**Q** 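Mind having a look at this structure? Questions to follow.
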Protein chains: 2
Amino acid sequence: MDLALKQARLAAERGEVPVGAVVLGPDGAILAEAGNETEASRDASAHAELLAMRRAAQRLGTARLTGCTVVVTLEPCPMCAAAMSHFRVKRLLFGAYDPKGGGVEHGPRIFDSERCLHRPEVIGGVRAEESGGLLRDFFSARRAPRNG
Amino acid sequence: MDLALKQARLAAERGEVPVGAVVLGPDGAILAEAGNETEASRDASAHAELLAMRRAAQRLGTARLTGCTVVVTLEPCPMCAAAMSHFRVKRLLFGAYDPKGGGVEHGPRIFDSERCLHRPEVIGGVRAEESGGLLRDFFSARRAPRNG
């Protein structure tokens, strides 16, 4: 989660919503890291965990991340959660819960759907205070009046 | 839908699950086309409609597809449906219904979720027989014994 938090902080420095993700291989080796890139890539789907999964799969040379763990600082949205099923991710560790945009413990609860073909193990709330703090700081700075 | 079906047939020729998609701009102009590329790209998220949306956004130079229509030969999965919300797609036309993997009229029904922030207009079943036929032919050919 240290590395994912680092990616989230780097994203904030780039003016992106501070979410970071890391994909670990079955042996625990780091396969890919990413921060949110929706602004820079002009791609509304360029969420940290989706980018990290795509990069990890590229690195492995397969379309599946069997046995891999995704670590992400925020509860994945429904798009990213469903992508984790497609990539056959073994385990998901996430930081802050996201009652508004989350799709794992909130909203459509992707892995609870009867039709979900692959459900990773899920551990939520890991260092949630740090992850959530980054997001709160980012959005409160954006809302603050600019006097400079 | 003609162009989306053409992309689906091209995907089949490449050994990909035959699904095709087109993104139309607010004026009806074609912004992007794509077929499924999960095998070639070694990317389990490389579904036709997600690729077409990303390409259309690149072309427009924005992260959002406001006013745009996505035409796709198969009911989108939950990942792609949720991506349509992120991209702020105005209208979705899809071909065959997908009771197993669909996420619009089946499974987690992404746009029906209370938390869904943007819901496109949805028209399903457009030339469903042709779209479904391509998929049936593809999978029955795969299951057939190879005598060659």
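As the structure is a computational prediction, the values presented were derived from the model and not from experiment. Quick note on labels: first sequence line is chain A, next is B, and so on, each numbered from 1.
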**Q** With a 4.5 angstrom heavy-atom cut-off, could you sort out which part of A:Ser45 is near chain B: side chain, backbone, both or neither?
**A** both
**Q** Mind checking whether A:Leu5 and A:Leu51 sit in one hydrophobic cluster, side chains of I, L, V, M, F, W, Y counted as touching below 4.5 Å?
**A**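 The answer is no; the residues belong to distinct hydrophobic clusters.
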**Q** Heavy-atom pairs under 4.5 Å with chain B: which of A:His47, A:Arg54, A:Met84, A:Arg109 has the most?
**A** A:Arg54
**Q** Going only through I, L, V, M, F, W and Y residues with side-chain contacts under 4.5 Å, is there a path from A:Met1 to A:Val22?
**A** yes
**Q** Determine, using the 4.5 Å side-chain heavy-atom cutoff (strictly less than), whether B:Val104 and B:Ile110 are members of one ILVMFWY cluster.
**A** yes
**Q** To the nearest 0.5 Å, how far apart are CG in B:Asp43 and CZ in A:Arg55?
**A** 11.5 Å
**Q** Taking every heavy-atom pair that is under 4.5 Å apart, which of B:Arg64, B:Met53, B:His86 has the most such pairs with chain A?
**A**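 Between B:Arg64, B:Met53, B:His86, the count favours B:His86.
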**Q** Do B:Phe139 and B:Leu74 belong to the same hydrophobic cluster, where Ile, Leu, Val, Met, Phe, Trp and Tyr are linked whenever their side-chain heavy atoms lie under 4.5 Å apart, directly or via other members?
**A** yes
**Q** So what's closer than 4.5 Å to chain A heavy atoms on B:Leu65: side chain, backbone, both or neither?
**A** neither
**Q** Using side-chain contact (heavy atoms from CB on, under 4.5 Å) as the criterion, point out the one residue from B:Cys116, B:Pro108, B:Pro78 that pairs with A:Pro108.
**A** B:Pro108
**Q** Which one, B:Met79, B:Lys100, B:Arg115, B:Arg88, leads in non-hydrogen pairs under 4.5 Å with chain A?
**A**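 Highest number of heavy-atom pairs under 4.5 Å: B:Met79.
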**Q** Under 4.5 Å between side-chain heavy atoms, hopping through other hydrophobics if needed: is there a path connecting B:Leu60 to B:Leu24?
**A** no
**Q** Give me the atom names and distance for the closest heavy-atom approach of B:Arg42 to A:Ala57.
**A** O-CB, 3.6 Å
**Q** Considering only heavy atoms, which portion of B:His106 lies under 4.5 Å from any heavy atom of chain A: side chain, backbone, both, or neither?
**A** neither
**Q** Of the listed residues (B:Ala63, B:Pro99, B:Ala82), which shares the most heavy-atom pairs with chain A below a 4.5 Å separation?
**A**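 Heavy-atom pair counts peak at B:Ala63.
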